[in-house]
Amino acid sequence: MTDPAETCIKVICRFRPLNSSEVARGDKFIPKFQGDDCVQIGGKPYYFDRVFQSNTTQVQFYNAVAQKIVSDVLEGYNGTIFAYGQTSSGKTHTMEGKLHDPELMGVIPRIVQDIFNYIYSMDENLEFHIKVSYFEVYLDKIRDLLDVTKTNLSVHEDKNRVPYVKGCTEQFVCSPDEVMQVIEEGKNNRSVAVTNMNEHSSRSHSIFLINIKQENTQTGHKLTGKLYLVDLAGSEKVGKTGAEGAVLEEAKMINKSLSSLGIVISALAEGSSFIPYRDSKMTRILQDSLGGNCRTTMVICCSPSSFNDSETRSTLQFGQRAKTVKNTVCLNVELTAEQWKSKWEKEKEKNKTLKNTVTRLENEINRWRNGESVPVEEQFDKEKAKAEVLALDPPLNNDKTPTKVALGPPPGAPLTDAERQKYEAEMAKLYQQLDDKDEEITQQSQLVETLKEQLLDQGELLTSSRLDHDTLQTELNRLLGENEASKGEVKEVLQALEELAVNYDQKTQEVEDRAKEFEALSEELNEKSSSLASIDSELQKLKEMTNHQKKRVTEMMSSLLKDLAEIGIAVGNNDIKQQESSGLVDEEFTVARLYISKMKSEVKTMVKRSKLLESSQTENAQKMEAMETEAAAYQLRISQHEAKIRSLTDSLQNVEQKKRQLEENVDLLNEEIVQIKTQEKVNATENKIQSANEVKDAVEKQIQFHRESHQRQISSLRDQLDNKEKSITELQDLNQKIMLEQDRLRVEHDKLKAVDQEKSRQLQELMMQQDRQEQARQDLKGLEETVTRELQTLHNLRRLFVQDLISRVKKKGQMDSDKSIAAQKQKICFLEDNLEQLSRAHKQLREDNAKLRGEIPKMEKRLQATAERVRALEAALKEAKENAARDRDRHQQEMERIKDTVKPKNMGRRMSAQIAKPIRPGQLPGGSPALRAKFVSHGQAGGVREGYDSSS
Ligand code: ADP
Ligand code: MG
């Protein structure tokens with residue numbers, strides 16, 4: 001180590017621009033720059049070696065600050081660049097920047113690049129060995145970033161009393177790319193080890209070390225240079241980040257290294273004799289950079305925001321303090337034997353002069369002690385002696401540190417070779433011991449750390465397992481509660497099922513009632529048809545009777561005619577005794593007249609009757625029409641009724657389906673309850689046997705599983721319950737409607753029955769009237785014929801009588817007296833009157849007859865129409881009967897089917913409630929809910945279709 005020279009630490013200040021959030025917040029830009037070495041904050045000026053404004057580019061900064069260091073290091077000097085400042089003030093931006101961005105890359109990548117460029121341009125006899133290390137200091141522990149297993153490295157001193165990190169990875173590199181790879185690797189390792197990289201990087205110091213050894217292969221001249229590139233932790237005070245508890249402890253530790261850095265710098269600035277480098281690992285590592293053999297540059301990074309005003313001020317003050325620290329820099333040369341020899345000679349000379357000085361001083365002291373006064377010119381001249389010593393050799397560097405003095409060999413005493421060897425051996429031994437102690441300490445501390453970590457882990461585990469236990473307990477309680485709730489739900493569901501069953505029974509009862517009604521109706525219909533048939537047969541009989549009577553009447557008439565003919569003959573034989581028989585004729589005439597008047601009255605009554613019949617026929621027609629419409633309405637209602645019954649059966653089937661689902665659900669729930677119980681038991685036993693974690697996992701899984709399945713089932717049950725309720729209300733509504741409809745139909749049925757009875761009665765009346773009419777007509781015909789015959793006979797009689805009279809008049813002539821003529825004339829007049837009356841009556845009768853005859857076809861037509869209507873009615877009745885019969889059959893079939901389906905189901909329910917199916921974890925009871933839903937909907941559709949098919 002040669003050419004010692006004192007240099008101050010270079011302090012560079014760099015302000016970053018306002019960032020976007022600061023701009024958004026409206027922070028003021030507070031620094032005022034004066035020249036390139038002064039910045040004013042709040043009117044107070046701070047001077048540095050350089051001050052860089054916010055718009056400084058990375059290249060500008062590098063060229064002005066760091067470039068020189070590359071040549072220094074390659075010339076065999078040590079160098080250090082610190083970046084100091086609060087978090088997000090731009091430390092990392094300055095040191096690293098964007099590693100692969102040619103514009104935004106920071107100091108480190110540029111230095112790396114430059115070192116190699118420099119080497120490439122140097123003498124080809126030079127051989128370089130470049131090693132890099134990368135580590136961070138966090139909570140006063142050194143962690144190797146190139147080997148994650150080295151988490152707590154120790155600091156040792158080499159033979160030149162220079163501290164170094166013992167055992168840290170040193171990677172040999174031959175190109176900038178390799179260095180960048182190493183940096184990349186280190187950064188990766190750093191971010192992998194921590195959860196919050198930003199927070200971590202603001203609390204740890206990262207140190208990148210480049211160690212360069214060069215040897216001139218020709219001269220054997222060796223030089224070494226170390227370059228530390230340090231990105232310090234954020235310098236902000238603890239209070240601002242709101243740290244508490246463990247974080248506060250951590251912050252204190254971080255601040256410890258930073259504050260010891262501050263203390264070291266202050267001590268150095270004050271020229272204190274004791275520098276507490278050993279207070280923290282960081283100051284120890286960087287001992288040489290702080291007041292030692294190193295060209296050190298401190299970059300003070302500042303925020304320009306008014307928000308960070310106080311931090312910026314303290315940062316600037318720190319920088320000002322650091323500015324006064326002086327380092328004594330010398331070349332790190334490894335001396336050859338010759339050089340060592342000359343050095344030895346020089347030291348010897350120096351020793352001699354120093355001895356002379358000592359003797360001179362001793363003499364002077366003695367003189368003073370003896371009471372002599374030494375004149376000024378004879379007194380010891382400090383300056384002269386110093387100059388003499390300096391003339392021989394410049395003072396050795398690094399003699400400031402007290403430790404160095406203490407450890408060195410006792411001064412002044414000349415050393416023999418044996419002594420020196422002894423001392424050296426002792427020193428080596430002591431170093432060895434120191435190393436061992438360091439090793440031990442690190443091991444112990446590592447052990448302590450690991451034990452602490454283990455303790456913490458155990459504590460965490462304990463708390464977490466406690467928490468788990470609590471949560472499990474609550475979960476268990478919750479599950480038990482849920483279990484109870486689901487039990488209650490199951491009960492409710494069962495109740496609902498029972499209600500449904502009761503409803504179902506009621507419905508079946510209703511259906512049976514309906515069937516009975518139908519039977520009654522069909523019976524009535526049968527009765528009606530039988531009565532119709534009997535009426536038909538009666539009608540036939542009556543027709544036969546009328547035919548028979550007709551025959552009898554004709555027979556009677558023919559016998560009567562015979563009698564009349566006989567009477568005529570008798571009259572013809574008795575014409576001689578006319579005087580006596582005239583009285584007889586009179587009597588007969590009166591009889592005839594009576595007959596005729598009787599006939600007249602009878603004819604009149606007949607006319608009346610026919611009129612009555614007509615009116616009754618029209619009435620009947622109207623009634624028939626009314627009946628027809630009513631029958632149509634009845635049919636319509638019957639069809640409506642049928643449709644309702646069909647819908648009822650459908651709804652019944654739906655209810656059935658739902659009931660089945662509910663039963664299934666109940667079964668599933670029961671199974672689950674059983675399963676949960678078994679699980680609980682299993683858990684209880686397992687708790688004792690297995691470790692907490694396994695139990696936790698298992699229970700968690702089971703709980704998760706149960707919870708899910710439970711929720712699903714509960715939701716599906718709720719849905720089903722809702723559906724059930726809806727369907728029940730619908731069914732009730734339907735039931736009410738049907739009841740109302742039934743009542744209405746019953747009333748209508750009664751009405752129709754009454755109407756039917758009325759109709760049948762009218763039909764009977766009509767038939768009787770028809771018969772009577774027929775008889776009357778026949779009578780009338782017979783009477784007419786008899787009247788015409790009698791008239792004929794009367795005519796004949798009159799003619800005979802006139803002829804007889806004329807002949808008698810001619811034979812007797814004058815014998816006839818006046819009296820007899822007058823009497824005869826009177827008789828003739830009387831007879832003529834009678835004749836006239838008779839002819840008039842005859843005429844009248846004829847007219848009446850013609851009228852009646854004209855009315856006959858009309859009546860016949862009406863009769864035919866009524867007969868047709870009766871036939872139509874009969875057909876309608878028949879049809880209705882058939883329909884009713886069919887309905888009844890269908891209903892009976894339906895009833896059978898329902899009964900058949902209900903019976904096995906009820907039996908199945910009773911059986912399946914007791915079976916608990918084993919359910920393995922990971923297997924959903926009854927398949928997935930979606931699947932189940934699908935199945936259910938499919939089943940319902942199928943059921944409906946089935947019902948439809950069976951009903952159609
Ligand atoms: P620190 O390392 O001090 O916590 P960073 O270097 O991470 O802070 O900087 C914080 C943010 O500010 C980064 O996004 C960085 O890009 C930006 N920044 C810092 N200094 C400058 C600058 N001089 N110019 C532009 N942006 C900067
Ligand atoms: Mg940073």
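One-based numbering, in listed order, for ligands and for the atoms of each.
Of all protein N/O/S atoms, those lying under 2.8 Å from the Mg ion (ligand 2) come to 1.
Thr87 and Glu236 share a side-chain donor-acceptor pair at under 3.5 Å. Using modelled atom types and a 3.5 Å distance limit, the side chains of Ser260 and Asp279 yield no donor-acceptor pair.
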*For Met105 and Arg110, what are the C-alpha separation, side-chain angles and deciding distance, and is it a side-chain contact (heavy atoms from CB on, under 4.5 Å)?*
CA-CA 7 Å; Met105 61 165 65; Arg110 283 176 206 276; 3.5 Å; yes

*So Ser88 and Arg16, side-chain contact (heavy atoms from CB on, under 4.5 Å) or not? Walk me through it.*
CA-CA 9 Å; Ser88 88; Arg16 66 162 169 81; 3.9 Å; yes

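Look at Glu157 and Arg284 and you find a salt bridge, because one of the NZ, NE, NH1 or NH2 atoms lies within 4.0 Å of a carboxylate O, short of that distance. In summary, Arg466 and Asp470 do not engage in a salt bridge, as defined by a charged side-chain N under 4.0 Å from a carboxylate O.
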N/O donor-acceptor pairs under 3.5 Å from side chains in residues 31-49, not counting sequence neighbours:
unit_1 : atom_1 : unit_2 : atom_2 : d
Gln34  : OE1    : Gln40  : NE2    : 3.4
Asp49  : OD2    : Val11  : N      : 2.6

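Expressed to the nearest 0.5 Å, how far CE of Met122 lies from CD of Glu75 amounts to 7.5 Å.
Ligand 1 lies under 4.0 Å from heavy atoms of Arg14, Arg16, Pro17, Gln86, Thr87, Ser88, Ser89, Gly90, Lys91, Thr92, His93.
Under the side-chain hydrogen bond (donor to acceptor under 3.5 Å, both in side chains) criterion, Lys226 pairs with no residue, sequence neighbours left out.
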